[in-house]
Peer 1: 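Would you mind keeping the following structure in view while I ask a few things?
Chain naming here is simple, since letters A, B, ... match the order of the sequence lines and numbering starts at 1 in each.
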Amino acid sequence: MVFSSVIFLTLFLPLFLGLYYAVPPRHRNHVILIGSYIFYGWWRVDFAGLLLLTTIGNYLLSRQMLHGKEKADRKPWLTAAVVLNLGVLAYFKYFNFGVDAFSDAGVMLGFAGFSLWDVILPIGISFYIFQAVSYQIDVYRGDAPPAHDFLEFACFLALFPQLIAGPVIRYKDVADQITSRTHSLEKFNQGVLYFCAGFCKKVLIADSVAPVADMMFALQTPTLVESWLGATAYTLQLYYDFCGYSQMAIGLGMMMGFRFIENFNHPYISRSITEFWQRWHISLSQWLRDYLYIPLGGNRKGVSRTYVNLFLTMLLGGFWHGAAWTFFIWGAWHGGVLALERLLGGKSGTPYPKLLAWPITMLAVIIGWVLFRATSLENAGAMYQGMLGMSGMGLSDYTDWQLNNFHYFMMLVGTVVVFTSARLIKLQSLFDTLWAKDMKLRYQFALLGLFGVSFMKLVAESNSPFLYFQF
Amino acid sequence: MNRKTISASLFIALLALFAASAFYATFEHKLIQKLGQKEYGIINSELFATFETEFKEVVAYNDPLLHGWGALQYGAFNAGKSGVVIGEDEWLFTKEEFEKVEGFDANVRANLAFIAHAAQQLQEEGVELIILPLPSKARVYADRLGDVRAPHYHAGLYGKLVWHLNNHALYHINVNDLFALYKDDGEGDLFMRTDTHWSQRGAKLTAQAVRSFFIEGLTYSMDFETVRSSAKIDKSQSETYRGDLTEFVSTGGWHAQVGPKSEKLHKVLIEKSVSGGGDLFGEQVLPIALVGTSYSAESEWHFADFLAAEFNAEIWNRADPGEGPFTPMQKFLNEKSWEQNGVKLVLWEIPERFLPVDYELNVASNEEGAK
């Protein structure tokens with residue numbers, strides 16, 4: 001089940017919220033747990049079973065860990081928990097890739113290729129495994145109190161607003177809210193505005209520009225115009241899809257009394273890649289910082305080691321996104337640019353000349369997104385060739401007839417909204433949820449009106465699944 | 001209610017409405033009972049996926065919202081769903097006449113080979129064949145495409161087909177040339193504006209051309225006359241018609257305001273009587289078989305009726321809608337039932353837009369036919 005679906009909006013959500021507020025507060029976590037498993041199991045019941053097993057396994061391991069009085073006593077259990085969690089992730093996410101890679105390597109060396117069974121990737125596994133790992137580490141470090149009981153822990157892991165595509169929530173950020181949280185119509189109101197804003201971003205903009213990206217990335221030799229159209233369309237699609245989803249998740253959380261961290265903060269106005277990662281998928285970059293970069297040594301082990309740590313963190317972060325060489329290289333690209341900016345003195349502010357900072361950063365981001373979207377290295381190569389004008393200039397016969405006024409209009413709307421400076425709050429207020437707390441009535445009605453249009457579009461068109469839940 | 005709570009109140013009211021609509025849809029349409037009639041997997045959530053699909057179809061707001069969005073998209077942006085290409089003056093075209101499908105060139109070669117193979121097989125059986133290569137709507141009405149550019153890889157398709165027929169000395173009628181003669185004579189369009197198919201006039205002109213070719217082009221004559229038949233287009237009687245391409249521009253009840261406007265489908269007056277030599281209760285002789293696509297199969301266009309009127313013969317319509325032109329011919333060849341029906345002449349209409357499609361045909365020798 002996904003948020004932008006008729007079944008979720010018109011059947012699941014009303015029933016869930018109705019039941020949630022009908023039961024006494026002490027039973028609300030039970031409703032969350034049951035609702036979350038129905039939400040996840042709607043896709044695959046068997047993989048809801050995997051989620052349950054992961055939850056039980058992590059809970060039991062953490063209880064064992066807590067028996068240890070000293071850190072030295074607890075470390076083996078932490079190690080076991082991390083290894084098991086990452087092992088589960090590795091199997092479901094990287095098994096097929098690993099087999100293909102070994103087979104290809106064997107063929108290159110003159111051996112016969114081979115294949116084994118296909119493993120289905122459970123949606124959201126990257127997110128809930130990361131959350132489980134963060135729980136184990138936070139409890140080990142004493143950064144977070146352990147869950148009072150299995151129900152609380154299971155609720156944390158399965159909480160459906162963020163279950164399949166984040167934000168990556170750390171237990172310490174929500175521990176007290178799981179135990180006790182406030183509910184009010186004002187908070188619900190904010191949640192509604194967050195949800196509607198996210199819904200509009202996803203359905204109205206992301207889903208409208210997605211066909212342009214799909215069209216261009218499907219070409220074997222895209223021209224200059226086609227490749228830049230495709231790269232720009234995907235740049236917009238990914239932002240509005242993911243940011244929209246995160247806002248919906250935050251909004252749904254608010255409707256249940258939770259306050260999750262913001263996951264996006266106008267990333268496309270960044271003036272360096274360093275700044276970009278402070279604004280894009282904030283929950284993931286914080287997770288990588290706290291659980292990978294800092295344990296690797298961070299910037300405490302000398303200059304060269306800092307560059308290596310930055311690079312490695314982003315490399316593994318890239319690989320987290322998908323089991324393909326394109327994600328690996330995307331991570332390496334960002335890691336390399338981060339290290340370079342560090343070298344140029346970009347720890348804070350921007351290392352680039354003032355007027356060039358934004359275009360350089362956007363170019364680096366777009367170049368990276370081409371890899372992120374490409375189906376293969378060859379596909380990415382064809383796009384880059386096109387972007388350099390090596391495959392012709394204008395729209396070809398393959399695409400000319402497919403593009404229409406609606407595509408162009410939504411590309412324009414998406415570009416104007418996303419590239420508008422965060423300071424121009426009035427222009428962005430329909431989408432800028434910083435004002436959700438006390439948004440003017442006319443803006444609320446406008447947002448609700450747009451939500452209505454988006455819902456109409458959703459019903460009219462077939463669902464397009466969220467991008468980030470493939471991870 | 002104030003601005004800190006109004007959205008919440010409205011949203012809650014909306015969710016309540018959704019829930020009521022959902023319950024009504026589920027129980028009124030007995031969705032749960034319907035699902036109970038078949039076995040669906042639970043572990044792989046097939047049951048839930050099926051429920052979701054059925055649910056979306058029956059919720060009350062489905063059509064109004066579908067048409068509302070279609071009207072907005074078409075009215076404001078002159079755009080529709082993927083599947084339609086919108087020209088000027090509300091002319092709609094199918095994307096099949098523009099897209100480059102996978103295996104385009106190989107499929108064209110394979111289908112051309114099949115044409116030669118089918119012709120050879122019929123020739124060996126002593127059955128005459130006349131092929132009717134039908135040009136695409138975008139070719140005939142290229143002037144209605146507006147800003148849309150016809151792709152180069154479709155430009156040569158019709159010429160390639162006709163060249164192949166000439167190369168194999170196969171009887172055929174160049175319907176593209178025929179339509180070019182009559183397209184702008186003011187007597188009516190040869191294709192429906194909102195449909196993928198030809199109009200009744202296009203079908204009638206083609207039937208007349210087939211008859212002319214038969215009389216003038218074949219080296220021997222056949223006597224088919226088993227019925228007296230006439231089929232006349234009556235322009236004074238017509239009904240409103242919305243073509244199949246309006247499925248991709250679903251404006252529903254809004255079409256009067258934003259378009260695309262409906263068309264007129266004229267009544268075709270058909271008269272038949274058994275001619276001398278045959279009787280109503282005797283053995284049916286079907287000397288002419290018509291094989292092809294929805295152009296021939298669908299009753300709206302009356303192509304079989306026009307042919308019957310031209311030949312004064314019953315037409316054995318073996319056309320199949322939705323399968324392209326090659327699969328029905330494959331079936332026709334495999335069944336060989338023309339022997340029982342006394343078929344002497346086969347008319348085979350082949351719309352050019354199906355040439356690049358992969359039909360996974362069983363051709364005796366692709367290499368033989370491709371020569």
Peer 1: Tell me, for B:Phe51 versus chain A, whether the close heavy atoms (under 4.5 Å) come from the side chain, the backbone, both or neither.
Peer 2: side chain
Peer 1: Between B:Leu17 and chain A, with a heavy-atom cut-off of 4.5 Å, which part of the residue counts as in contact: side chain, backbone, both or neither?
Peer 2: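 Nothing of B:Leu17, per the 4.5 Å heavy-atom cut-off to chain A.
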Peer 1: Quick one: which of B:Asn78, B:Asp147, B:Asn62, B:Ile86 has the most heavy-atom pairs under 4.5 Å with chain A, could you say?
Peer 2: B:Asn62
Peer 1: With a 4.5 angstrom heavy-atom cut-off, is it the side chain or the backbone of B:Val85 that approaches chain A, or both, or neither?
Peer 2: side chain
Peer 1: Mind ranking A:Asp400, A:Leu185, A:Asn404, A:Leu9 by heavy-atom pairs under 4.5 Å with chain B and telling me who comes out on top?
Peer 2: A:Asp400
Peer 1: Test side chain to side chain contact (heavy atoms under 4.5 Å, CB included) on B:Ser21 and A:Thr10; report intermediate values, then the result.
Peer 2: CA-CA 8 Å; B:Ser21 177; A:Thr10 67; over 6 Å; no
Peer 1: Against chain A, label B:Phe55 side chain, backbone, both or neither, depending on which of its atoms sit under 4.5 Å from a heavy atom there.
Peer 2: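 For B:Phe55, the contact with chain A is made by the side chain alone.
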Peer 1: Report the option among B:His67, B:Lys81, B:Lys100 that has the most heavy-atom pairs separated by less than 4.5 Å from atoms of chain A.
Peer 2: B:Lys100
Peer 1: Tell me the closest heavy-atom pair linking B:Ser45 and A:Arg44, and the distance in Å.
Peer 2: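 Closest approach of B:Ser45 to A:Arg44, heavy atoms only: OG-CA, 3.2 Å.
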Peer 1: Tell me which of these, A:Phe188, A:Trp43, A:Tyr398, has more heavy-atom pairs under 4.5 Å with chain B than the rest.
Peer 2: A:Tyr398
Peer 1: Do the ring centers of A:Trp401 and B:Tyr153 come within less than 6.0 Å of each other?
Peer 2: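 Ring centroids of A:Trp401 and B:Tyr153 are no less than 6.0 Å from each other.
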Peer 1: Select one option (side chain, backbone, both, neither) describing which atoms of B:Ala150 are under 4.5 Å from chain A's heavy atoms.
Peer 2: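 Interface part for B:Ala150: backbone (N, CA, C, O).
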Peer 1: Report which part of B:Glu46 has an atom under 4.5 Å of a heavy atom belonging to chain A: side chain, backbone, both, or neither.
Peer 2: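 No part of it gets close to chain A.
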Peer 1: Looking only at heavy atoms and a cut-off of under 4.5 Å, which of B:Ala49, B:Ala79, B:Pro151 has the most pairs with chain A?
Peer 2: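 Of B:Ala49, B:Ala79, B:Pro151, B:Pro151 has the most heavy-atom pairs under 4.5 Å with chain A.
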Peer 1: Contact part of B:Leu145 toward chain A, heavy-atom cut-off under 4.5 Å: side chain, backbone, both or neither?
Peer 2: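 Answer is neither: B:Leu145 stays 4.5 Å or more from chain A.
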Peer 1: Nearest 0.5 Å, please: how far is CD1 in B:Ile12 from OH in A:Tyr21?
Peer 2: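 These two atoms lie 8.0 Å from each other.
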Peer 1: Which atoms of A:Tyr408 are under 4.5 Å from chain B, going by heavy atoms: the side chain, the backbone, both sets, or neither?
Peer 2: neither
